[in-house]
Asks: 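Can you read through this structure? Questions will come right after.
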Amino acid sequence: MIFSSTEIISGVIKSVKKDGEWKVLIVDHMTTRILSSCCKMSDILAEGVTIVEDINKRREPISSLEAIYLITPSEKSVRGVIGDFKDAAFTYKAAHIFFTDTCPDPLFAEIGRAKVSKFIKTLKEINVAFLPYESQVFSLDDPKSLYSFYGSKANETRDKMMENVAEQIATLCDTLKEYPAVRYRKGPEENARLAEEVYQRLIAHKAENPTMGEGPDKARSQLIIVDRGFDPVSPVLHELTFQAMAYDLLDIKQDIYTYQTTGIGNSKEKDVLLDEDDELWVQLRHMHIADVTKKVTELLRTFCESKRMCTDNANIKDLSQMLKKMPQYQKELSMDLAMGANAEGEPLKDAMKSIVPVLLDSDIDAFDKIRIILLFIFHKKKGNKISKHFKSFEVLILLH
C-alpha cells in the first residue's frame, strides 16, 4: 500500500511504546477510515493498545493510561483533546498527539493555552491526510467536493474545500517522497487556483523535508490537475474490468461480498473481504472481464489437477452470469452514446429514438436509465439543445 500498516504502526504507535505499558488509541472519523484501509485491528492491539475509541463519542475515563491521539487538525477534534484534560479528573494520564497534516496556527495556539499542554508528551504532524485505498489508488474522502467545486453557493465554501484538497495532495506527495512539477488543464479558473494552492504547499513541505523528490537517477514526477468536465462520460459508463463490474452489479458493501455456499450439505452464508490480502482479487481486479473468465478457467483447472479433482464447465460459467444482468442492447447503446458512433463507426443519427425503448423498459433499473440519460446529454451537448432534451425526458419519466 502507499501508506502501509507497518509505517503507521511504526511511525505512530511504536514511536511512543514502552515495554509493559498499555495505551489507549483515540481517533476521529477521518483517521478511523485511514486505519481501516491499511491496518488490521489485531496488529494495533498487538502493539500495546488496549482499546481504540472515537474522540467524538462519550468515553469512560482511564486515568491510569496514556492516550495516543491520531486525529485530523480540525476544530472539533482539537476541542475533543482539550476537553479530555479540562476537568480536575483527567480522562487519561498523558497525551501523545499525531495530526494527519499541518495544524492551523489558531488551533495550535489554543492547545498551548489549554491545560492539556502540560500533559502532552508527543506532538507531531505525520502527513497522511488521505485514504490509501489500494497499492496505486488513494482517495481524499470528500464526496461533497464535486458539489463545492461546481455549485453556485458562496466562494467561501469552495475556497475552504480547495485549501483542504491542496493540503491532502501535498501530504500524499510528502509520503511518496515526490516533489512534482504541477500542471493543470487550461479552462476553468478553479484549476489554476487549485494548482497554485498545491504548489505553495509543496514548497512548504519541501522546506521541512529537503529530501522530497531527490534520489539517485530520479526524474522529477508530474502532477496533472484536471476537472471532471475534462471527461464526464467515464463515471456513467459500465466499466468492463472485473473490479468495476463486481461493484457495479453485485451487492458489495464496505468491500465485503456476501454469498451462499453450494455443494454437499446445507448452504451457508459467507463473507469475503476484498482487500490487498486477497491475492486472487489483487491479481484479477483490474483485468477485462473476458480475460478474467479465461484466467479463472485456467486457475481452476490447474487447482483441480493438483488436487486430482474432477470438474465441469458449470462453475466456470457462473462468473459470466453477471454480464447477463445488463442487457446486451443497453451495453451497446451506452458505448455508442459515449463514442458518438456505432460499432461500424457510423455517426449516430437519431440517438433519442434509440434510448426511448430503454427508458420505457420496466425491467431496467432506474439508476441505469439515469446513466443512459446522462450519456445522451453529453452526446448532444455539441448541439447546444440540452434544454429541449431535458423537457423530452420529463415527459418520458412522467409517462413511466
Side-chain angles (χ1 to χ4, degrees), residues 1-2 37 130-143 145-146 150 185 224-259 272-276 278-299 316-345 348 351 354-355 358-359 361 363-381:
M1 282 194 160
I2 296 173
S37 67
F130 58 91
L131 296 184
Y133 195 69
E134 289 182 12
S135 58
Q136 297 185 50
V137 178
F138 71 93
S139 169
L140 302 184
D141 195 36
D142 187 4
S145 60
L146 186 68
Y150 289 105
R185 178 195 177 214
I224 302 175
I225 296 175
V226 296
D227 57 284
R228 185 69 270 169
F230 176 71
D231 175 24
V233 173
S234 293
V236 294
L237 280 177
H238 282 286
E239 287 289 338
L240 296 181
T241 58
F242 182 47
Q243 183 185 50
M245 291 201 70
Y247 278 83
D248 204 5
L249 302 174
L250 301 177
D251 187 23
I252 298 175
K253 297 177 180 177
Q254 296 183 328
D255 301 328
I256 296 176
Y257 173 54
T258 303
Y259 68 99
V272 177
L273 178 61
L274 304 176
D275 64 1
E276 300 294 303
D278 188 327
E279 294 182 7
L280 187 59
W281 171 250
V282 172
Q283 179 185 357
L284 301 177
R285 63 188 175 190
H286 297 311
M287 294 172 62
H288 190 281
I289 190 65
D291 296 327
V292 171
T293 304
K294 295 177 183 177
K295 186 66 175 179
V296 170
T297 303
E298 177 187 317
L299 292 172
I316 303 300
K317 291 179 180 177
D318 288 343
L319 182 64
S320 65
Q321 291 304 308
M322 68 171 69
L323 284 169
K324 296 180 181 179
K325 293 185 178 182
M326 185 169 58
Q328 184 65 24
Y329 177 75
Q330 185 190 337
K331 288 189 293 182
E332 292 175 357
L333 179 57
S334 296
M335 295 307 297
D336 290 350
L337 289 171
M339 300 301 295
N342 59 24
E344 287 71 38
L348 296 182
S354 300
I355 73 170
V358 173
L359 298 180
D361 190 338
D363 292 329
I364 295 178
D365 185 74
F367 190 72
D368 286 326
K369 291 180 181 180
I370 293 173
R371 289 177 188 256
I372 294 295
I373 290 173
L374 289 173
L375 286 170
F376 177 81
I377 293 171
F378 298 145
H379 168 67
K380 281 293 182 181
K381 187 178 178 182

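What you see below is based on every heavy atom in this structure, not just the backbone, and it leaves out hydrogens, waters and symmetry mates.
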Asks: In Å and rounded to the nearest 0.5 Å, what is the CG to CG distance from Leu299 to Leu280?
Replies: 6.5 Å

Asks: Under the side chain to side chain contact (heavy atoms under 4.5 Å, CB included) criterion, do Asp251 and Thr258 qualify, and how do the steps go?
Replies: CA-CA 8 Å; Asp251 187 23; Thr258 303; over 6 Å; no

Asks: What's the separation between atom CG in Asp365 and atom CG in Leu249, rounded to the nearest 0.5 Å?
Replies: 10.5 Å

Asks: Over all heavy atoms of both residues, which pair between Val236 and Arg371 is shortest? Give the atoms and the distance, please.
Replies: O-NH1, 3.4 Å

Asks: Decide yes or no for Asp291 and Lys295: does some side-chain heavy atom of the first lie under 4.5 Å from some side-chain heavy atom of the second?
Replies: no

Asks: Pick one: which of Ile377, Val358, Ile364 meets side chain to side chain contact (heavy atoms under 4.5 Å, CB included) with Ile372?
Replies: Val358

Asks: Check whether any side-chain heavy atom of Ile373 lies under 4.5 Å from a side-chain heavy atom of Leu359, and answer yes or no.
Replies: yes

Asks: Once rounded to the nearest 0.5 Å, what's the spacing between atom CZ of Phe130 and atom CZ of Phe138?
Replies: 8.0 Å

Asks: Which side-chain N or O atoms in residues 239-247 pair as donor and acceptor under 3.5 Å with protein atoms at least two apart or in another chain?
Replies:
| from | atom 1 | to | atom 2 | distance (Å) |
| --- | --- | --- | --- | --- |
| Gln243 | NE2 | Glu134 | OE2 | 2.6 |
| Tyr247 | OH | Asp255 | OD1 | 2.6 |

Asks: Would you say that Ile256 contacts Ile252 through its side chain, given a criterion of any heavy-atom pair below 4.5 Å between the two side chains?
Replies: no

Asks: Taking all heavy atoms of Val272 and all of Asp278, pick out the closest pair and write down the distance.
Replies: CG1-OD2, 4.1 Å

Asks: Could you label the plane-to-plane angle of the Tyr257 and Tyr259 rings as parallel, tilted or perpendicular, counting under 30° as parallel and over 60° as perpendicular?
Replies: parallel

Asks: State which residues pass side-chain hydrogen bond (donor to acceptor under 3.5 Å, both in side chains) with Asp363; sequence neighbours excluded, sorted by chain then number.
Replies: none

Asks: Indicate the atoms forming the closest heavy-atom contact of Leu146 with Arg228, along with that distance.
Replies: CD1-CB, 4.0 Å

Asks: Rounded to the nearest 0.5 Å, how far apart are CG of Asp231 and CZ of Phe378?
Replies: 9.0 Å

Asks: Decide side chain to side chain contact (heavy atoms under 4.5 Å, CB included) for Ile224 and Val226; before the verdict, give the C-alpha distance in whole Å, the side-chain angles of both, and the deciding distance to 0.1 Å.
Replies: CA-CA 7 Å; Ile224 302 175; Val226 296; 4.2 Å; yes

Asks: CG/Asp361 to CD1/Ile355 distance, rounded to the nearest 0.5 angstrom?
Replies: 13.5 Å

